[in-house]
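All remarks here apply to the structure that follows.
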Amino acid sequence: MRELALSDEILMKIEKPARYIGGEVNMVKKNPKNVDVRFAMCFPDVYDIGMSHLGIQIIYDLLNKREDIYCERVYSPWIDLDKIMREENIPLFAIESQEPVKNFDFLGITLQYEMCYTNILQVLDLSSIPLMSKERTEEDPIVIGGGPCAYNPEPIADFFDIFYMGEGETQYYHLIDLYKKNKKNGGSRIDFLEMAATIPCMYVPMFYDVSYHEDGTIKEMLPNNTNAQKTVKKDIVLDFDNVSYPDKPLVPFTKIVQDRCVLEIQRGCIRECRFCQAGSVYKPLREKSLETLKRIALNQLESTGQDEISLSSLSTSDYSKLQELIDFLMEECKKKNINISLPSLRIDAFSLDVMSKVQDVKKSSITFAPEAGTQRMRNVINKGLTEEDILNGAKQAFVGGWNKVKLYFMLGQPTETNEDVDGIMDLCEKIAELYYETVPKEERHGKCQITASTSFFVPKPFTPFQWAPMCTAEQFLDKAHRVNDKLKTLLNRKSIKYNWHESDISVLEGLLARGDRRLSKIILRVYEKGGIYDSWSECHDKNIWKEAIEETGVDLDFYITRERKDDEIFPWDFIDTGVTKDFLLREWHDAKDEKVTPNCRMQCSGCGAASFGGGVCFEDKN
């Protein structure tokens with residue numbers, strides 16, 4: 001019987017105590033004394049978010065397949081428990097064993113969103129692990145980071161011992177074997193970090209020095225240790241059928257954001273959307289076979305009792321065996337009364353036909369992501385979607401019985417004009433008009449409901465827009481207000497609702513996304529002032545960030561609003577994702593010239609991802 005880290009008295013005081021007690025269905029149970037390596041896998045956000053993350057489930061399953069490793073989970077305590085843990089000196093603990101994270105060999109932290117950076121410091125602090133890597137001793141866990149934000153690790157480099165570039169399935173066993181070898185030989189912490197640095201996809205920040213020009217841009221970044229490589233190359237899975245994937249995923253006892261089975265059908269993307277970091281860093285596209293997906297789906301549904309299964313992909317419609325997979329799932333799920341969720345579909349006749357079969361049309365809404373209101377702007381961002389495509393999709397949806405449409409746009413993208421901003425509501429009006437023209441009055445289920453949402457554009461590393469200037473918070477809000485004012489002039493305004501995001505959080509995201517090592521002092525200062533859960537609007541305090549930026553003397557315009565020169569060295573240039581900087585620069589200039597680039601299956605654009613030797617780059621050669 002496990003002894004819980006929190007007393008009954010504390011559990012009765014806090015919101016959702018099930019976040020902290022473990023014991024979930026399919027939780028792995030091992031005796032910590034019988035393993036060689038203990039690995040705490042952390043999602044630096046609340047349990048409800050972290051338990052919905054597929055990546056942690058994959059690594060959890062992968063590491064626990066080995067008898068000599070015990071991988072446990074840790075999440076950021078919510079603000080109510082955070083306060084109690086500090087007052088009563090309760091160390092942060094892992095869910096499975098309820099033992100302090102400080103006792104583990106590794107603390108792995110997934111980096112999904114820049115605004116979770118202060119929560120990384122919360123996790124380290126509550127674990128009694130020194131925040132700065134250089135201050136850690138032989139008694140502290142090795143702190144390793146991975147995930148999409150690791151593709152620019154520099155703003156948080158001072159807090160991590162290692163960053164893993166690429167997909168966790170490929171090198172974790174090797175890394176842990178080196179750790180065991182070093183431990184057996186009586187090696188030190190530094191000895192192990194030197195061994196880790198020899199793995200091509202591992203980045204050990206303390207083994208690199210950065211120098212700067214007088215204007216603040218980077219002069220060079222060079223290794224200061226002979227074991228460190230000048231270029232760190234991401235590692236990826238090529239055989240996507242024979243890689244570890246959880247047949248028995250964890251099932252929580254409390255409601256989480258996405259409580260269902262998840263079937264990852266492919267990784268990567270063939271689309272060349274110029275704003276999308278995931279589409280770039282996860283190249284090339286690799287698919288799981290139909291037979292593998294059938295087996296995983298049946299095993300997951302059998303082992304969890306979940307009543308919903310979702311397909312996971314950046315662009316589900318591009319899976320080459322989608323029709324066959326949907327037919328299989330519909331047959332199986334109908335027998336067991338299980339729902340099927342199909343995100344990331346391109347809206348066409350096939351997708352609408354499928355969705356009409358798996359959704360209750362009267363209750364659900366159909367989602368489009370035009371990203372921009374005008375065709376000119378969609379060409380700039382290379383969305384690969386024409387207004388005709390959008391209107392045809394909407395018309396087919398209305399004929400199919402839908403009357404609720406969700407539309408997603410971005411404001412502040414490179415070269416955007418007032419006409420492009422106005423185009424958002426022009427497109428909404430055209431879709432509303434189309435509904436009333438298409439659906440006879442006697443067949444309508446109430447009026448058309450169009451919900452338009454805008455986020456604010458944030459330039460990301462390893463995209464063509466990494467050179468682009470970003471708007472200020474005031475400019476973003478001016479654009480949102482312009483959209484809202486335009487809505488008030490529309491004939492069908494009562495059928496249209498408009499939502500927009502908070503601009504100050506987007507600007508901070510932009511600061512951290514393209515920042516360098518000098519920004520760690522801001523993150524540390526914000527945390528020292530009490531900042532955590534900055535991705536949550538109810539917790540985010542923009543005044544704390546403003547004070548920290550003023551106190552550290554950081555020039556926001558340098559990081560946010562200036563356009564980078566073509567030959568500027570970026571903080572992340574030492575990382576090789578396969579996609580070359582020359583290709584991205586060509587795409588940046590093509591964007592400004594409004595030139596469209598075809599998707600990978602239409603024509604190879606020579607991005608560099610073929611260097612991995614697999615995936616979509618070699619489909620025609622198989």
Side-chain angles (χ1 to χ4, degrees), residues 1-35 38-53 56-57 59-60 63-64 69-110 116 118-131 139-141 143 249-259 527-528 530-536 538-539:
M1 185 74 180
R2 294 178 312 146
E3 184 178 341
L4 296 180
L6 302 175
S7 67
D8 288 351
E9 183 184 3
I10 291 174
L11 290 170
M12 292 294 284
K13 282 183 189 175
I14 59 177
E15 183 184 329
K16 295 187 182 179
R19 289 168 169 164
Y20 311 105
I21 61 175
E24 303 103 325
V25 174
N26 296 328
M27 187 187 87
V28 175
K29 299 171 187 174
K30 295 184 182 182
N31 186 337
K33 296 176 182 176
N34 296 339
V35 298
R38 300 188 67 183
F39 197 110
M41 179 58 73
C42 171
F43 195 102
D45 206 325
V46 73
Y47 176 95
D48 316 33
I49 304 290
M51 266 293 283
S52 303
H53 179 56
I56 282 190
Q57 295 250 17
I59 301 301
Y60 183 81
L63 295 183
N64 280 318
I69 305 170
Y70 193 9
C71 180
E72 304 181 44
R73 292 162 295 135
V74 61
Y75 306 98
S76 286
W78 187 241
I79 48 177
D80 53 355
L81 181 58
D82 177 274
K83 183 173 183 288
I84 293 170
M85 292 177 77
R86 293 176 194 276
E87 290 171 350
E88 302 195 15
N89 293 316
I90 300 170
L92 186 61
F93 53 90
I95 297 288
E96 278 72 8
S97 65
Q98 299 280 299
E99 293 183 13
V101 172
K102 172 87 169 175
N103 299 345
F104 284 63
D105 299 289
F106 287 88
L107 171 59
I109 302 177
T110 185
C116 289
T118 48
N119 276 48
I120 293 168
L121 300 188
Q122 176 210 28
V123 167
L124 293 171
D125 196 12
L126 290 176
S127 302
S128 297
I129 299 170
L131 302 186
E139 306 304 312
D140 295 307
V143 181
L250 291 149
V251 183
F253 288 140
T254 187
K255 185 173 176 58
I256 62 173
V257 174
Q258 294 178 350
D259 196 359
Y527 178 70
E528 289 169 346
I532 56 172
Y533 283 104
D534 280 295
S535 61
W536 294 72
E538 64 263 43
C539 300

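Values reported hereafter were calculated over all heavy atoms of this structure, with side chains retained and with hydrogens, waters and symmetry mates removed.
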Charged N-O contact under 4.0 Å between Lys255 and Asp48: no
More than 12 heavy atoms from other groups under 6.0 Å of CD on Glu15: yes
Side chain to side chain contact (heavy atoms under 4.5 Å, CB included) between Asp105 and Phe39, intermediate numbers included: CA-CA 6 Å; Asp105 299 289; Phe39 197 110; over 6 Å; no
Shortest non-hydrogen contact between Ile10 and Leu81, atoms and distance: CG2-CD1, 4.0 Å
Minimum side-chain heavy-atom gap Met41-Ile59 below 4.5 Å: yes
Gap between atom CG of Asn64 and atom CE of Met27 - 0.5 Å precision: 10.0 Å
Atom pair CZ (Arg2) and CD1 (Ile95), whose distance is rounded to the nearest 0.5 Å: 8.5 Å
Side chains of Ile79 and Tyr533 in contact at under 4.5 Å (non-hydrogen atoms): yes
Atom CD of Glu139: over 12 foreign heavy atoms under 6.0 Å: no
Atom pair CE (Met12) and OG (Ser7), whose distance is rounded to the nearest 0.5 Å: 11.0 Å
Pro252 to Glu24 - nearest heavy-atom pair and separation: CA-CG, 3.9 Å
Arg38/Glu99 salt bridge by N-O under 4.0 Å criterion: yes
Gap separating the CZ atom of Arg19 from the CD1 atom of Ile256, nearest 0.5 angstrom: 11.5 Å
Approximate separation, where rounding is to 0.5 Å, of Ile84 CD1 and Asn89 CG: 13.0 Å
Close side-chain approach of Thr110 to Ile56, heavy-atom, < 4.5 Å: yes
Salt bridge (charged side-chain N to carboxylate O under 4.0 Å, His left out) between Lys13 and Asp80, worked out: CA-CA 9 Å; Lys13 282 183 189 175; Asp80 53 355; over 6 Å; no
CA sep, side-chain torsions, deciding dist, call: Leu250, Val28, side chain to side chain contact (heavy atoms under 4.5 Å, CB included): CA-CA 9 Å; Leu250 291 149; Val28 175; over 6 Å; no
From Asn103 atom CG to Ser128 atom OG, the distance as rounded to the nearest 0.5 Å: 10.5 Å
Check against side chain to side chain donor-acceptor pair (under 3.5 Å), Asp534 and Thr118: CA-CA 7 Å; Asp534 280 295; Thr118 48; 2.8 Å; yes
Heavy-atom donor-acceptor pair, Lys30 side chain to Tyr70 backbone, under 3.5 Å: no
Criterion side chain to side chain contact (heavy atoms under 4.5 Å, CB included) against Pro77, the qualifying member of Leu126, Leu6, Ile532, Val46: Leu126
Near-ring test Trp78/Tyr47, centroid separation under 6.0 angstrom: no
Criterion side chain to side chain contact (heavy atoms under 4.5 Å, CB included) on Asp45 and Tyr75, from CA distance to verdict: CA-CA 6 Å; Asp45 206 325; Tyr75 306 98; over 6 Å; no
Ser97/Phe104 under side chain to side chain contact (heavy atoms under 4.5 Å, CB included): CA gap, chis, key distance, verdict: CA-CA 11 Å; Ser97 65; Phe104 284 63; 4.2 Å; yes
Polar contact flag, side-chain donor to acceptor under 3.5 angstrom, Asn119-Tyr527: no
Face-on cation placement of Arg73 at Tyr60 ring, 6.0 Å and 45° thresholds: yes
Heavy-atom pair of closest approach, residues Gln122 and Ser76: OE1-OG, 3.0 Å
Residues Arg86, Asp82: salt bridge by 4.0 Å N-O rule: yes
Gln98 (side chain) donor-acceptor with Ala5 (main chain) under 3.5 angstrom: yes
Check: Leu92 and Leu124 side chains under 4.5 Å, non-hydrogen atoms: no
Test item: Glu72 and Val101 side chains (from C-beta on) under 4.5 Å apart, heavy atoms: no
